[in-house]
Amino acid sequence: MTRTVWTQLSALSRTYRLVFERYYNLGSTSQRGMDDDIASLVRSIVPPLTSKKHKGQDGRIGIIGGCQDYTGAPYFAAISALKVGADLSHVFCTKDAATVIKSYSPELIVHPVLDSPNAVEEIEKWLPRLHSLVVGPGLGREESLLKTAKEVIEKSKVRDIPVIVDADGLWLVTQQPSVIQGYQKGILTPNFMEFTRLYEALHHEPMDSGDRQRSVMQLSAAMGNITLVLKGEQDLITDGSRVISCSTEGSGRRCGGQGDLLSGSMGLLAHWAHAASAAGKLKSVNPSLVAAFGACSLTRQCNSQAFQRHGRSTTTSDMIHEIGSAFKKLFES
Ligand SMILES: NC(=O)C1=CN([C@@H]2O[C@H](COP(=O)(O)OP(=O)(O)OC[C@H]3O[C@@H](n4cnc5c(N)ncnc54)[C@H](O)[C@@H]3O)[C@@H](O)[C@H]2O)[C@@H](O)CC1
Ligand SMILES: Nc1ncnc2c1ncn2[C@@H]1O[C@H](COP(=O)(O)OP(=O)(O)OP(=O)(O)O)[C@@H](O)[C@H]1O
Ligand SMILES: [Mg+2]
């Protein structure tokens, strides 16, 4: 009798699991295989290093952010794009943040234009030369800066370049979702708090935090099937039609700035993925999903490697030092 009940329960649980896996397109049993499949897609978008190229061909990335309070975040995002393999990385920040950011690194091109009266025109001049944009790290929430960021997103959509929205850029999207709604080359990268705010603004009800998979699908659908990355113990990535999870082992160290490494590297990977897709290399796969998985996996790998060296004192700068070898291990071996 007990045996029969147990057999029935097992069958039921298997059926439930299969339905769940089909619904979310995610199977715990095949997670490793799926990770390998997506990692090989990431490998396929990485442009080869050859002596035939000129400076700029492998990526010119722009970061919109950096104000009096936050200078680290745009620096982390911009340098991460360079360390993954971008040729040029631009930061568009406020005047008082510019000298500070420049002093962190001679490798970044820093434009002190974000709080100038003609900020949008100043940034727009550069857009034809940029392959993708990351909006939000260290932007702050001042009304005039958010307005500029909004107009720059609008101009970037017209140019059809990938736009990653992170941090205070997500504050803007929470106030005005239409700024990025439905833009298929847009990617949102909220942490849990940013996600909750955005979810509640769109759904007008509290989020059920017990079912994150469902919540990410719902929010992506409400945002017009834009790609969404909910960061956390597992990163959940969706375009509303499927959920991919990234659980590359990281560490227990949660210092500030890791999200900026993520969004900066994603800016470059989004350019590579869309370029590969346009060249017919990514058939029937959403390039934004590939870019998002690549950046999540890379960030977590950097975290793991940095933690092995520095333990509790690991900071985002230590993780940035690991980008080269983490990328090689994940996507070039
Ligand atoms: N060195 C720097 O300049 C840094 C600047 N940063 C900037 O700081 C600004 C504000 O960003 P915040 O991320 O603080 O945004 P918020 O001001 O919205 O704060 C989010 C809060 O949520 C908390 N939180 C995160 N995950 C949580 C979870 N799972 N459960 C409960 N609470 C959770 C965090 O501790 C944080 O206090 C942005 O412009 C951002 O880019 C950050 O990127 C960190 C580094
Ligand atoms: N509990 C966790 N375990 C492992 N990795 C995590 C965990 N939480 C977050 N991460 C990883 O850390 C990275 C940054 O996520 P986090 O939630 O810290 O972003 P954030 O709050 O925007 O960071 P930032 O301080 O840069 O703004 C993501 O790539 C995510 O994979
Ligand atoms: Mg953040």
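Keep in mind the model is a prediction, meaning the values are calculated, not measured. In each ligand, atom 1 is the first atom listed, and ligand 1 is the first ligand listed.
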With only distance considered, is Gly138 within less than 3.5 Å of ligand 1 through an N or O on each side?
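It does: an N or O of Gly138 is found under 3.5 Å from an N or O of ligand 1.
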
Of the listed options ([options]), which comes nearest to [atom] when hydrogens are ignored and any heavy atom counts?
atom	options	value
atom 42 (C) of ligand 1	Thr174, Thr196, Asp260	Asp260
atom 17 (O) of ligand 1	Lys231, Arg141, Glu233, Glu194	Arg141
atom 1 (N) of ligand 1	Gly72, Cys255, Cys67	Gly72
atom 6 (N) of ligand 1	Ala73, Gly136, Gly66, Ser263	Ala73
atom 24 (N) of ligand 1	Met193, Gln258, Arg254, Arg197	Met193

Kindly assign one of parallel, tilted or perpendicular to the pair His90 and His111, based on the angle between their ring planes and the thresholds 30° and 60°.
parallel

I'd like to check [atom] in this structure: does the protein have a heavy atom lying under 4.0 Å from it?
atom	result
atom 32 (N) of ligand 1	yes
atom 12 (P) of ligand 1	no
atom 8 (O) of ligand 1	yes
atom 22 (O) of ligand 1	yes
atom 35 (O) of ligand 1	no
atom 44 (C) of ligand 1	yes

Between Gln181 and Gly224, what is the shortest heavy-atom contact and its length?
CG-N, 4.3 Å

Write down the atom of Gln57, the atom of His271, and the distance for their closest heavy-atom approach.
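Minimum heavy-atom contact is O-NE2, 4.4 Å.
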
Looking at [Y] and [X], is there a salt bridge between them, counting it only when a charged N and a carboxylate O are closer than 4.0 Å?
X	Y	result
Glu122	Lys125	yes
Asp115	Lys95	no
Arg60	Asp87	no

Under 3.5 Å, is there a donor on one side chain and an acceptor on the other for Asn286 and Asp239?
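Yes.
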
Where does Ala167 meet ligand 1, judged by heavy-atom distances below 4.0 Å: at the side chain, the backbone, both, or neither?
side chain

Nearest protein heavy atom to atom 10 (C) of ligand 1, by residue and atom, and its distance?
Tyr70 OH, 3.9 Å

Can you list the atoms of ligand 1 that are under 4.0 Å from a heavy atom of [X]?
X	answer
Asp168	9 (C), 38 (C), 39 (O)
Pro137	41 (O)
Phe192	28 (C), 29 (N), 30 (N)
Asn191	13 (O)

Under 3.5 Å, side chain of Lys231 to main-chain N/O of Thr189, donor-acceptor pair present?
yes

Roughly how far, to the nearest 0.5 Å, is [atom2] of [Y] from [atom1] of [X]?
X	Y	atom1	atom2	value
Phe293	Leu298	CZ	CG	11.0 Å
Glu142	Leu114	CD	CG	9.5 Å
Asp318	His321	CG	NE2	6.5 Å
Leu108	Ile61	CG	CD1	12.5 Å

[X] side chain near [Y] side chain, heavy-atom distance below 4.5 Å:
X	Y	answer
Leu146	Trp171	yes
Leu188	Thr227	no
Glu151	Thr148	no

Write down, by chain and number, every protein residue that brings a non-hydrogen atom to less than 4.0 Å from an atom of ligand 2.
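Correct list: Asn191, Lys231, Gly232, Glu233, Asp235, Arg254, Gly256, Gly257, Gln258, Gly259, Asp260, Leu262, Thr299, Arg300.
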
Below 4.0 Å from any atom of ligand 1, is there a heavy atom belonging to Gly259?
no

